[in-house]
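Notes for the one structure printed next.
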Amino acid sequence: MIKKMRAFLAIELVDAVKAELADFIEHIKRKRIEGLRTVDLKGVYVTLKFLRDIVSTEIDPVVEIVSRAANTLVPFTLAIRRCGVFYNRLGPRVLWTGVIGDLGLIEKLK
């Protein structure tokens, strides 16, 4: 049986940023918003691009290609800027934060 996986090109956040987001999440939790669910910060990242659903045999080649591209980049800096919410008919579903910084460098990964 062929397994499929949703694949994203994303950047993992550094621990200092995760700590700030954790503080922000705790602040929001204290508001006791009905229906609010939070995620583990291990699952928080900066999404660059949704690749698609890929089959398990494609994982290694995709990782190889992305790794080669990432290794050509110089270190860069990003910072969190602004936040917002994605809604559906039931109300707020996803809290997002924007980023600023060396965005031109990460465009090369797309």
To check you understand the geometry: which heavy-atom pair defines the closest contact between L9 and L51, and what is its length?
N-CG, 4.2 Å
Is any side-chain heavy atom of E20 less than 4.5 Å from a side-chain heavy atom of I80?
no
Residue pairs fulfilling salt bridge (charged side-chain N to carboxylate O under 4.0 Å, His left out) with at least one residue in residues 8-17, sequence neighbours excluded:
E12-K18
V17 side chain reached by L78 side chain, heavy atoms, under 4.5 Å
no
With clusters defined by side-chain heavy atoms of hydrophobic residues (ILVMFWY) lying less than 4.5 Å apart, directly or transitively, does F50 cluster with I54?
no
If you define the side chain from C-beta out and look only at heavy atoms, does anything of I11 sit under 4.5 Å from V99?
no
Taking salt bridge (charged side-chain N to carboxylate O under 4.0 Å, His left out) as the definition, give me every residue that meets it alongside R6, ordered by chain and number, with sequence neighbours left out.
D53
Contacts satisfying salt bridge (charged side-chain N to carboxylate O under 4.0 Å, His left out) that involve residues 71-90 (not counting sequence neighbours) are none
Ignoring hydrogens and angles, tell me if any N or O in the side chain of E58 forms a donor-acceptor pair with the backbone of V55 under 3.5 Å.
yes
Working to the nearest 0.5 angstrom, can you tell me the gap between T77 OG1 and L103 CG?
11.0 Å
Out of the candidates E26, H27, K31, only one should pair with K29 under the side-chain contact (heavy atoms from CB on, under 4.5 Å) rule; please name it.
E26
Does one hydrophobic cluster hold both V46 and F8, with members joined at side-chain heavy-atom distances below 4.5 Å?
no
Looking at Y45 and L13, what are the two nearest heavy atoms and their distance?
CA-CG, 4.3 Å
Is there a continuous path of hydrophobic side-chain contacts, each under 4.5 Å between heavy atoms, that joins L21 to I100?
no
